[in-house]
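The structure appears right after this line, and notes come after that.
Labels below follow one simple rule: chain letters A, B, ... track the order of the sequence lines, proteins then strands, and each chain is numbered from 1.
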Amino acid sequence: MRTHYCGLVNESLTDQVVEVCGWVHRRRDHGGVIFIDLRDREGLLQVVFNPDQAEMFAQAERIRSEYVLAVKGKVRSRLEGKENPDLASGKIEVIAQELTILNRAETPPFQLDDDDVSEEHRLRYRYIDLRTFGMTERLKTRAKISKAIRDYLDSDGYLEVETPMLTKATPEGARDYLVPSRTHHGQFFALPQSPQLFKQLLMVSGLDRYYQIVRCFRDEDLRADRQPEFTQLDIETSFLNEEQIMFSMETMMRQLFKTILDVDLAGPFPQMTYAEAMDRFGSDKPDLRIPLELLEVSDLMESVDFKVFSGPAKDPKCRVAALHVPKGSALSRKQIDAYTKFVAIYGAKGLAYIKVNDASNGREGLQSPIVKNLPDDVLDELLKRTKAESGDLIFFGADKTKIVNEALGALRIKVGEDLGLIEGDWRPLWVIDFPMFEYDEKAKRLNALHHPFTAPKDEHLDLLESDPEKCNSRAYDMILNGTELGGGSIRIHKQNVQKKVLKLLGISDEEAEDKFGFLLNALSYGCPPHGGIAFGLDRLVMLMTGANSIREVMAFPKTQSASCLLTQAPSEVSAEQLKELNIKVRQKPKETE
RNA sequence: GGAUUGGUAGCUUAAUAGGUAAAGCACUUGAUUGUCGAUCAAGUUGAUGAGAGUUCAAGUCUCUUCCAGUCCGCCA
């Protein structure tokens, strides 16, 4: 039926007879001659119908948008001056000899060349949306990325192993998607949040190097970069330390960017401690393309007669930080008010600022509601430390450290984007030396910053007992342009250490035995030192294709309320199905009348 | 759970201070032998997401609700 893809017919086939199949992208009827742009996944091809074959021409007159055609015809150079430079096949056209209408089509619910159709419509008719050039290209790029990754890992000795989708609910982490068991009344499987434990077991089994491109499930609220089901590139290896794993993953990324985008990522990736990232960027995934930094000024503000600053400056749980914005004094009062509103989202109670009108004129050169509260020596030191020049602006955050970091960290990105300060295209880095735990104020207990199987640094082992909050882990995150591409760690391979960590997380011996007994057992049967990493494949593809949501790189994504507009899932099930599962729905859904 | 933006013809949008719902594209028909977002002419298309209220009068004001987007919380 087909000899060539439409989009791949070019001048090298001139004078040959080809058979192509595709969808009618556009029809231009000139009465005596009809042009049809025929489209398939590889692109467009102009097909010409002449009236000398009356029967075929009559059929061509009835063709409408999105009809599916098979056309046999001769490739010929377009007439002089009639080439279309926008088309890969623009130098040639196909003169139709035979036409088969394989299928008719209703008028599509939206036009394929309309690039601002609402996402709601696109998702409802996703099968049509996927015909558009942008979607097709992104899915093709995604497939190329997966293949390049597989090629690299395969050549590096990694085995692709599948792990169960029906598995055990875990107490830590995100909310599980549950699947009721028919054969065990009242019991449930959980869909995996990640194959974490299975890949560790594969290391115990001596598989040595494992990878998998695998679906993961988390029942939490959605974002532009979060879907209830998403794809991880999951990797684990034995007998390598963190430096070796990081080097290998970096090499993989470098090859990937070269293959897909022809981009040379500068290497080696810089490494930054968690503490430094929080201090300088207010974030554990800093966007290094933005040349703004948070500056610690708590020590300066301790003794000033301005409680908004001196209070937090003296409190060890708080910080006062400055964000120096070159040329920022051009910001209007209205813009600064908008930024004040912006940081309020993160809990900041205000946003102090100083406009540096004339850096050489001391206090007189500064414009700000707070200058009157600050003594000369503090102002001098502030200008010195920020290296602020005339025309600049300095924002301040003074609050709980967490709030200051989140507020100024987000402001840093927003201001950087608004003022067009972004430098360079790709700025990867590693963030290392994460704390093992974070104190959860609400639950009044420790939480694992990565996950409960992350190993503590050898030299911090004693801190597990004495001061767990000071204990750092052997975890590492790969960050690209402010997005966490992946995170991993060296795992705990000693049973006693694993038990200790679970206890610190407030998991009782009984619960540990119940939920993780199989892992604890496995650790006792000759578990090698091992570690790994998991990358968010959707986010990686999103960055590499320049998409602004992972929905744009998934064929059939869900909406923000985790429903599928195409299939109308989730939906109710029959009484028989529920009965078989021994499940009773407690409340009837609200009346829909 | 919260903040915020939007929902008007098949699609994308408009509608002054509450006073006859409009345009472009799509679609239909006709014309048209070199277009490529073809062109020209004529034509069809609406319970303004749903429900209630205020009013002589509601797309517009009020309340409730549903859907979609962005963000906060949440996401080890």
Find the partner of [N]: check Watson-Crick (N1-N3 plus N6-O4 or O6-N4) and G-U wobble (N1-O2, O6-N3) distances, both under 3.5 Å, and reply none if neither fits.
{"N": "B/C36", "answer": "none"}
{"N": "B/G24", "answer": "B/C11"}
{"N": "B/C61", "answer": "B/G53"}

Please list residues of [range] whose heavy atoms come under 4.0 Å from any atom in RNA chain B, ordered by number; otherwise none.
{"range": "residues 545-555 of chain A", "result": "A/Arg551"}
{"range": "residues 339-348 of chain A", "result": "A/Ile345, A/Tyr346"}
{"range": "residues 54-65 of chain A", "result": "A/Arg64, A/Ser65"}
{"range": "residues 490-505 of chain A", "result": "none"}

For [X], what residues pass the side-chain hydrogen bond (donor to acceptor under 3.5 Å, both in side chains) criterion, not counting sequence neighbours?
{"X": "A/Thr273", "answer": "none"}
{"X": "A/Asn472", "answer": "none"}
{"X": "A/Glu11", "answer": "none"}

Considering every strand and a 4.0 Å limit on heavy-atom distances, what is the contact class for [X]: base, sugar-phosphate, or nothing?
{"X": "A/Glu406", "result": "sugar-phosphate"}
{"X": "A/Ser561", "result": "sugar-phosphate"}
{"X": "A/Glu106", "result": "nothing"}

_So, does A/Thr559 get its side chain near the phosphate of B/A68, meaning an N or O under 4.0 Å from OP1 or OP2?_
yes
Quick one: does [X]'s side chain have a donor or acceptor within less than 3.5 Å of a partner on [Y]'s backbone?
{"X": "A/Glu220", "Y": "A/Arg175", "value": "yes"}
{"X": "A/Arg78", "Y": "A/Lys91", "value": "no"}
{"X": "A/Thr454", "Y": "A/His451", "value": "yes"}
{"X": "A/Arg39", "Y": "A/Val24", "value": "no"}

*Atom CZ of A/Arg27 and atom P of B/U29: how far apart are they, to the nearest Å?*
9 Å
Under-3.5 Å N/O pairs linking protein and nucleotides 42-45 of chain B:
none

*At under 4.0 Å between heavy atoms, which parts of nucleotides 4-14 of chain B does protein reach? Answer with one letter per nucleotide, 5' to 3': B base, S sugar-phosphate only, - none.*
------BSS--
*Contact list for residues 49-69 of chain A, test ring pair (Phe, Tyr, Trp, His ring centres under 6.0 Å), sequence neighbours left out*: none
_For the P atoms, the ones on B/G18 and on B/G59, what distance do you get once it is rounded to whole angstrom?_
13 Å
*For the side chain of A/Lys82, starting at C-beta, report the closest nucleotide among B/G34, B/U70, B/C74.*
B/G34
*Looking at B/U35, B/C71, B/C27, which one has an atom nearest to any side-chain atom of A/His30?*
B/U35
Is a donor-acceptor pair below 3.5 Å formed from side chain [X] to base [N], judging by atom type as modelled?
{"X": "A/Arg124", "N": "B/C67", "answer": "no"}
{"X": "A/Arg218", "N": "B/C75", "answer": "no"}
{"X": "A/Arg76", "N": "B/G34", "answer": "yes"}

*Please identify each residue that fulfils side chain to side chain contact (heavy atoms under 4.5 Å, CB included) with A/Asp418, with sequence neighbours left out.*
A/Tyr339, A/Lys414
*asked:* Under a 3.5 Å threshold, yes or no: a donor from one side chain and an acceptor from the other, between A/Thr163 and A/Gln212?
replied: yes
_If the condition is salt bridge (charged side-chain N to carboxylate O under 4.0 Å, His left out), which residues does A/Arg28 pass it with, not counting sequence neighbours?_
A/Asp37
